[in-house]
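Comments concern the structure below.
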Amino acid sequence: MSDFINQVSDNIHKSLQLRQMIQTVVRSKRYRYVFLTILVFLGSYSFFHYAYPALKSAGAALSIAEDGTFPSHHCPLSNEACEIQGKIIALDRATIRPMEAAKIQVEWPLLPSEADTIELTLEGEEMMMGIYRQTLQRQVGSDQFSGELLLPFCVSDEMTWQGKITATTISSQQPIYVSIRMIK
């Protein structure tokens, strides 16, 4: 029993010595910045390794759909018109390339006439490239909205953009979920 007590006493003494040594080093200005740098590095590593992916997936889920999934009833945009929920969406070309303007046309018959604009919001699926937003203007006296789509340059040869078209002034309208395949 006395050996155990001596061993515990030695461990406590060693930990007190280590604590005093660390306090002395931390109190010196020279090493304070080293410890601060190490703490910042460990904190940022933890954030980007554990928290950031969870936040990113939560943010993408919020921006895509309420239940966290991209709906299967979405329009893959191309020059062939896509009809979903009574709305028709089409591009002026089959292949979308980065930094090349393409015209997008949306026909939304049941949208009240006071809605002058709708908004297209896209996010990269394979790579986070920020959120692309484009306002589409109503054509005078019609149910059609149009605008130019100019997707940013991407280092990948191919990229899928997913998002939605929403009525900005009327929250009761369901968004139209879309996807666009971009090829270099």
Side-chain angles (χ1 to χ4, degrees), residues 44-45 47-184:
S44 62
Y45 173 78
F47 175 78
F48 284 106
H49 189 71
Y50 298 107
Y52 180 71
L55 289 173
K56 181 180 171 187
S57 66
L62 287 175
S63 66
I64 297 301
E66 300 266 339
D67 65 354
T69 60
F70 190 74
S72 60
H73 57 279
H74 73 280
C75 277
L77 298 182
S78 70
N79 62 342
E80 293 182 27
C82 174
E83 184 175 350
I84 189 166
Q85 303 168 357
K87 301 150 189 130
I88 301 170
I89 307 111
L91 297 172
D92 68 343
R93 60 187 67 193
T95 304
I96 301 295
R97 299 194 185 282
M99 303 303 294
E100 285 184 13
K103 187 173 181 179
I104 181 169
Q105 190 91 17
V106 178
E107 186 176 332
W108 198 321
L110 299 177
L111 197 60
S113 60
E114 63 264 8
D116 293 334
T117 62
I118 57 175
E119 184 177 63
L120 169 67
T121 307
L122 296 171
E123 293 184 37
E125 180 182 342
E126 295 90 357
M127 180 186 307
M128 182 60 180
M129 295 190 57
I131 298 174
Y132 176 84
R133 295 183 196 280
Q134 178 65 44
T135 302
L136 307 176
Q137 300 291 325
R138 182 186 287 268
Q139 303 303 307
V140 179
S142 74
D143 292 331
Q144 294 190 351
F145 296 81
S146 64
E148 280 200 353
L149 180 68
L150 185 66
L151 294 174
F153 181 77
C154 179
V155 295
S156 299
D157 289 337
E158 295 183 12
M159 173 86 165
T160 303
W161 292 84
Q162 293 182 339
K164 58 188 173 181
I165 301 172
T166 54
T168 52
T169 57
I170 299 156
S171 61
S172 63
Q173 292 288 325
Q174 289 290 94
I176 307 167
Y177 294 99
V178 296
S179 67
I180 298 174
R181 190 72 178 154
M182 182 177 74
I183 301 172
K184 271 189 182 177

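By convention here, the first residue in the shown sequence is residue 1.
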What is the minimum heavy-atom distance between Pro152 and Pro98, and which atoms define it?
-> O-CB, 3.4 Å
Indicate yes or no: at least one non-hydrogen side-chain atom of Thr121 is less than 4.5 angstrom from one of Ile131.
-> yes
Closest non-hydrogen contact found for Ala167 with Ile118 is CA-CG2, 4.1 Å
Least distance between heavy atoms, Gly86 atom then Pro109 atom = O-CD, 3.3 Å
Check each of Glu100, Met182, Arg97, Met99 against Leu151 using the side-chain contact (heavy atoms from CB on, under 4.5 Å) test, and report the only one that passes.
-> Met182
Is it the case that more than 12 heavy atoms not belonging to Glu80 sit under 6.0 Å from its CD atom?
-> no
Going by atom types only, do Gln139 and Gln144 share a side-chain donor-acceptor pair under 3.5 Å?
-> no
Nearest heavy-atom contact between Gln105 and Ser146 is OE1-CB, 3.6 Å
Nearest atoms (heavy-atom pairs only) where Arg93 meets Ala101 = NH2-O, 3.0 Å
Could you tell me the separation between the CD atom of Glu126 and the CD atom of Gln162, rounded to the nearest 0.5 Å?
-> 8.0 Å
Out of curiosity, Leu136 CG to Ile89 CD1, how far, rounded to the nearest 0.5 Å?
-> 10.0 Å
Kindly say whether Gly124 contributes a backbone atom to a donor-acceptor pair with the side chain of Tyr132 at under 3.5 angstrom?
-> no
About how many Å separate CG of Leu120 and CG of Leu77, when rounded to the nearest 0.5 Å?
-> 7.5 Å
Measure the spacing between CD of Glu125 and CE of Met127 and express it to the nearest 0.5 Å.
-> 12.0 Å
Residue pair Ile96 / Trp161, side-chain heavy-atom distance below 4.5 Å = no
Distance col, row Ile84:CD1 vs Ile165:CD1, nearest 0.5 angstrom, shows 10.0 Å
Distance in Å, Phe145 CZ paired with Ile104 CD1, rounded so as to fall on 0.5 Å steps | 12.5 Å
Please check if the side chain of Arg138 supplies one atom and the backbone of Ala115 the other of a donor-acceptor pair under 3.5 Å.
-> yes
Evaluate the side-chain proximity of Leu149 to Ile180: yes if any heavy-atom separation is below 4.5 Å, no if none is.
-> yes
Looking only at heavy atoms, what is the nearest atom pair of Trp108 and Lys87, with distance?
-> NE1-CE, 3.1 Å
